[in-house]
Amino acid sequence: MENRDYQRLVVIGNGMAGINTVEQLLKLSPNTYKITVFGKEPYPNYNRIQLSYVLEKSKAVEDIILNDWDWYTDNGIELHTGTSVTHIDTEKKIVTADNGMQVSYDKLIIATGSKPLMLPVPGADKQGIIGFRDIADCEHMLHAADLYKKAAVIGGGLLGLEAAKGLLKLGMDVTVVHLFKDIMERQLDHTASLMLQAELESQGLKFATGKQTEEFLGEERVSGIRFTDGTTLDTEFVVMSAGIRPNVEVAKASGLDVNRGILVDDYMRTSAPDVYAVGECNEHRGICYGLVAPLFEQGVVLAKHLCGVETKPYEGSVVSTQLKISGVDVFSAGEFMDADDLAIVRMHDDWRRVYKKVLLRGGRIVGGVLVGDGKEASRLQQWIRTGTVMTEVIHDAIVGQSSIDTGNTAAELADEEIVCGCNGVTKKHIVDAIEQKGLTTVEEIKGATGASRSCGGCRPVVEQILQFVLGEKYDSAAAKQEAMCTCTTLSRDEVVTAIKEKGLITSKEVRYALDWNNTEGCSKCRPALNYYLGMIWPTEHVDERDSRFVNERMHANIQKDGTFGVVPRMYGGVTTPEDLRLIADIAVKYNVKLVKVTGGQRLDLLGVRKEDLPKIWKDLGMPSGYAYAKALRTVKTCVGNQFCRFGTKDSMGMGILLEKKFERLDMPAKFKLAVNGCPRNCAESSTKDIGIVGNEGAWEIYVGGNGGIKARLAELLCKVRTDEELLDIVSAFMQHYRETGRYLERTSDWIERVGLASVMEVVVTDLDNRRALVERMEIALSQVKEPWSEILNNSNLRERMFEDIKVTTDQN
């Protein structure tokens with residue numbers, strides 16, 4: 001007989017439900033089980049609910065991986081990818097895979113998830129018709145977008161709309177076909193559904209509602225759809241997203257009790273001994289859940305049961321839905337349809353396109369819908385879960401008559417309450433991490449638990465839990481900031497506050513008034529102070545050139561051989577034959593070593609001698625491209641609707657306008673923009689500090705991207721309909737970054753530090769604050785000067801600057 005001090009656990013399914021259960025189990029009792037996992041896909045565990053981000057190219061596959069290959073190895077888990085279990089011998093306790101492999105078990109978890117429902121109509125087997133459920137489906141859709149123009153998505157539910165918007169952003173002409181008149185009818189009432197459809201139509205989606213598919217047209221490949229009313233729709237590609245069904249094949253083949261899903265009790269036990277089912281494949285009390293939160297809640301109960309830890313039974317879930325579509329804010333939880341026994345609190349604002357509805361039974365909140373304003377989504381979900389009694393304060397906040405007290409309600413959350421729905425992190429998991437690891441920031445919690453690492457919607461609740469656990473220590477922990485440099489113990493924020501309060505105008509005044517240890521300052525604080533002073537006092541502060549890095553002092557990029565690179569400004573990456581000829585002649589005249597096309601669509605003249613810089617600037621007669629500065633470097637553009645057949649917006653015109661408006665303005669770090677005329681992203685907006693994407697009737701504004709050493713994809717800030725509003729939002733965002741960013745801190749790091757939600761509130765939501773930021777930006781812009789011209793027109797400055805260069809290395 002085999003001697004072992006562990007039990008053998010086999011998990012069929014490598015998705016979110018099964019692996020989350022394993023994660024919980026490892027925390028509770030890491031040495032109880034030797035674990036084997038079978039996964040049908042060739043990937044480690046990934047976040048399926050973020051597939052829409054992969055489809056729209058705002059995230060790569062690597063970005064949605066939850067547990068990488070090393071995680072399985074580190075935890076002693078045997079993982080078999082690309083392998084399906086086909087049979088379970090529940091008497092001998094052996095599973096058999098499609099490759100013939102057999103593995104014995106003491107406990108078995110079935111976590112096979114669900115499959116897309118493929119309509120059983122003639123022609124459904126034609127080429128060009130797929131479901132949308134996994135990474136392979138995403139890859140098929142991305143490939144199709146490169147080959148075909150017209151697409152149809154069958155199903156106006158949550159996943160269908162996300163698939164449709166993803167295809168639209170890939171440049172396809174997309175029609176959503178839906179059986180019912182209202183889209184998302186399982187989560188939204190008629191009013192909310194109409195508002196959502198109108199918003200999506202304004203973004204370019206088309207809808208064919210109240211349509212039942214009768215036949216798919218075409219020979220080998222689909223060419224259209226015929227509906228039961230006799231009408232047809234031309235299409236070259238079809239995504240079926242008409243629903244899901246539990247994947248019960250292996251359970252049914254193995255003799256387990258199956259209805260719509262695998263039947264389980266309150267501890268996820270199936271009809272076979274020591275066999276459990278968790279997630280979308282099971283049926284609990286007559287319900288098959290198709291959302292992520294219930295599977296995590298089931299996993300917590302199952303993990304405790306498997307580890308012999310006392311736990312309450314699983315009694316069902318209050319489900320919530322949040323649409324993950326760029327520029328669309330929709331949330332639904334609990335009950336959402338009017339009924340005779342329900343009281344309704346409703347606010348409908350057509351002008352702002354906001355709809356809020358909260359449903360009460362016996363005075364307690366049992367459901368709600370939010371469209372156009374999801375700030376209270378997490379709080380509404382908490383009210384529904386706890387059955388909170390409606391109060392005057394809550395009522396006034398819902399209808400917009402007051403702002404609700406955002407005090408800390410973390411104490412009201414149960415330990416097993418899931419805080420981060422994307423990653424299945426409970427309140428207790430966060431509390432334990434804070435207490436056991438001494439965590440003091442949300443960023444530390446994110447790294448330790450995964451909470452807020454995906455969509456970030458739970459960040460406010462995570463911060464409330466941190467504050468709740470730390471108590472009086474919270475303020476000091478939150479306020480603890482890194483000193484600017486070794487010359488002082490003061491942080492950036494403390495220095496900026498003192499400059500404003502004391503009216504300090506020069507770096508020397510700052511260093512003396514704030515008791516700098518080194519009254520001369522250092523190479524770290526001198527340029528930072530010069531920037532902060534110029535940002536705070538744009539009309540009073542005189543730029544201290546000696547405090548700047550060598551590139552900024554010389555207005556050219558120093559190279560490793562001591563020569564310089566000169567980049568003339570080409571607005572929006574647009575030039576003329578005359579300018580190209582001029583640049584070529586000057587490159588020959590000054591024996592330029594190399595002419596290089598930059599990533600920002602500019603020409604870089606490399607190998608220019610220091611003494612030739614003023615002369616080459618004069619001969620060019622063009623403004624500086626600021627390729628050396630902590631300022632706006634470039635605005636990259638595609639050709640847009642002026643030439644491109646996919647273009648919907650004048651990207652070149654907008655790019656030139658933005659570059660001319662904001663050039664030469666000092667920023668905390670280098671700053672890059674891009675403007676795309678359509679969602680195909682030829683100008684690479686997703687890796688810029690501000691990326692602007694033109695869509696039918698609107699501009700989408702993305703922020704915080706970075707294509708450098710620490711690559712980061714930009715996140716959606718907002719969507720605007722007019723060029724004027726676009727300019728205001730961009731201006732306010734840049735000014736807010738100027739005022740709150742640390743010197744040398746890129747927007748990618750700044751966004752992660754301050755949080756996208758807080759930036760949205762300051763720049764987008766608070767209109768008065770936005771106007772104030774724009775006004776301060778205009779004051780700052782009124783002070784900028786063209787540096788090459790300034791030096792050419794000032795002989796003393798020119799002689800002083802180009803006779804002796806003391807190099808200060810730019811570490812950014």
Side-chain angles (χ1 to χ4, degrees), residues 7-26 33-41 45 48 72 77-99 101-116 133-134 244-292 294-307 313-314 317 424:
Q7 296 186 64
R8 294 167 300 194
L9 173 67
V10 171
V11 181
I12 305 175
N14 191 34
M16 297 175 73
I19 299 305
N20 180 263
T21 304
V22 170
E23 287 178 323
Q24 302 297 330
L25 188 150
L26 291 172
Y33 292 97
K34 182 175 178 61
I35 303 171
T36 301
V37 176
F38 290 91
K40 184 177 181 179
E41 295 185 71
N45 176 232
R48 193 179 302 276
Y72 293 86
I77 298 172
E78 187 177 344
L79 173 63
H80 301 284
T81 57
T83 308
S84 297
V85 171
T86 55
H87 187 263
I88 307 165
D89 187 331
T90 57
E91 292 185 2
K92 294 181 180 179
K93 292 190 171 183
I94 295 174
V95 301
T96 302
D98 54 4
N99 60 2
M101 178 186 299
Q102 291 189 325
V103 177
S104 61
Y105 67 85
D106 296 303
K107 306 286 184 182
L108 174 69
I109 298 174
I110 303 175
T112 47
S114 60
K115 293 183 174 182
R133 202 65 190 160
D134 55 28
I244 59 173
R245 55 186 176 85
N247 184 357
V248 299
E249 290 179 359
V250 67
K252 188 176 289 187
S254 305
L256 276 66
D257 290 346
V258 174
N259 188 26
R260 183 164 178 260
I262 305 168
L263 296 177
V264 298
D265 65 9
D266 290 351
Y267 294 94
M268 305 301 110
R269 293 177 292 208
T270 69
S271 57
D274 296 320
V275 178
Y276 304 82
V278 65
E280 293 178 345
C281 65
N282 76 17
E283 181 176 329
H284 174 263
R285 299 189 184 184
I287 299 176
C288 297
Y289 293 99
L291 297 170
V292 68
L295 67 86
F296 287 143
E297 293 170 355
Q298 292 176 5
V300 169
V301 172
L302 175 55
K304 288 185 175 182
H305 176 75
L306 289 174
C307 292
Y314 174 71
S317 296

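Numbering starts at 1 and runs along the sequence shown.
- Take Y314 and apply the ring pair (Phe, Tyr, Trp, His ring centres under 6.0 Å) test, not counting sequence neighbours, and it matches H284.
- The shortest side-chain heavy-atom distance between S317 and Q298 does not fall under the 4.5 Å cut-off.
- With sequence neighbours excluded, the residues satisfying side-chain contact (heavy atoms from CB on, under 4.5 Å) with L79 are N14, V37, W69, Y72, T81.
- Applying the side chain to side chain donor-acceptor pair (under 3.5 Å) test to every pair with at least one member in residues 251-263, sequence neighbours left out, gives these pairs: N259-E283.
- In this structure, N45 and V22 have side chains that are not in contact, with every pair of non-hydrogen atoms separated by 4.5 Å or more.
- In this structure R245 satisfies the salt bridge (charged side-chain N to carboxylate O under 4.0 Å, His left out) test with no other residue, sequence neighbours excluded.
- Every residue was checked against the side-chain hydrogen bond (donor to acceptor under 3.5 Å, both in side chains) condition with Y289, not counting sequence neighbours, and none meets it.
- Remark: the backbone N or O of R8 is not paired with any side-chain donor or acceptor of T36 at under 3.5 angstrom.
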Assess the residue pair L26 and I77 against the criterion (side chain to side chain contact (heavy atoms under 4.5 Å, CB included)); give the C-alpha distance rounded to whole Å, side-chain angles, the decisive distance to 0.1 Å, and a yes or no. CA-CA 11 Å; L26 291 172; I77 298 172; 4.3 Å; yes
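- From N282, atom CG reaches atom CZ of R269 across 13.5 Å, with rounding to the nearest 0.5 Å.
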Evaluate the side-chain hydrogen bond (donor to acceptor under 3.5 Å, both in side chains) criterion for residues D89 and Q102: first the C-alpha distance (whole Å), next the side-chain angles of each, then the deciding distance (0.1 Å), finally the verdict. CA-CA 10 Å; D89 187 331; Q102 291 189 325; over 6 Å; no
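- Nearest heavy-atom pair, C288 versus G261, reported as atom, atom and distance to 0.1 Å: SG-N, 3.8 Å.
- By the side-chain hydrogen bond (donor to acceptor under 3.5 Å, both in side chains) test, R285 pairs with D266, sequence neighbours left out.
- Judged as a salt bridge (charged side-chain N to carboxylate O under 4.0 Å, His left out), and not counting sequence neighbours, the contacts of E41 are R48.
- Note that OG1 of T270 is 4.0 Å distant from CG of L256, once rounded to the nearest 0.5 Å.
- Every residue two or more places apart in sequence or in another chain that forms a side-chain hydrogen bond (donor to acceptor under 3.5 Å, both in side chains) with Y276 is listed here: H305.
- Using a 4.5 Å cut-off on side-chain heavy atoms (C-beta onward), V275 and Y105 make contact.
- Residues V95 and V10 come closest through the heavy atom pair CG2-CG1, 4.1 Å.
- Side-chain atoms of T112 do not come within 3.5 Å of backbone N or O of C281 as any donor-acceptor pair.
- Judged as a ring pair (Phe, Tyr, Trp, His ring centres under 6.0 Å), and not counting sequence neighbours, the contacts of F38 are H80.
- Across all their heavy atoms, S114 and I244 have their closest contact at OG-CD1, 3.5 Å.
- Atom-to-atom distance recorded for D106:CG and L306:CG is 11.5 Å, nearest 0.5 angstrom.
- With contacts defined as side-chain heavy-atom distances shorter than 4.5 Å, the pair I94/S104 qualifies.
- Scored by the side-chain hydrogen bond (donor to acceptor under 3.5 Å, both in side chains) test, K93 finds D274 as partners (sequence neighbours excluded).
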Using the rule given for side chain to side chain contact (heavy atoms under 4.5 Å, CB included), can you reason through Q24 versus F296, listing the C-alpha separation, both sets of side-chain angles and the distance that settles it, and then say yes or no? CA-CA 10 Å; Q24 302 297 330; F296 287 143; over 6 Å; no
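- Contact record, G279 with A17: CA-CB, 3.9 Å, taken as the closest heavy-atom pair.
- Note that CD of Q7 and SG of C307 are 9.5 Å apart. Values are rounded to the nearest 0.5 Å.
- Shown here for K40 and S84, the closest heavy-atom pair between the two residues is CG-OG, 3.4 Å.
- Residues passing the side-chain contact (heavy atoms from CB on, under 4.5 Å) test with L9 are V11, L25, Y33, I35, K107, I109, sequence neighbours excluded.
- When the salt bridge (charged side-chain N to carboxylate O under 4.0 Å, His left out) test is applied to K34, no partner is found at least two apart in sequence or on another chain.
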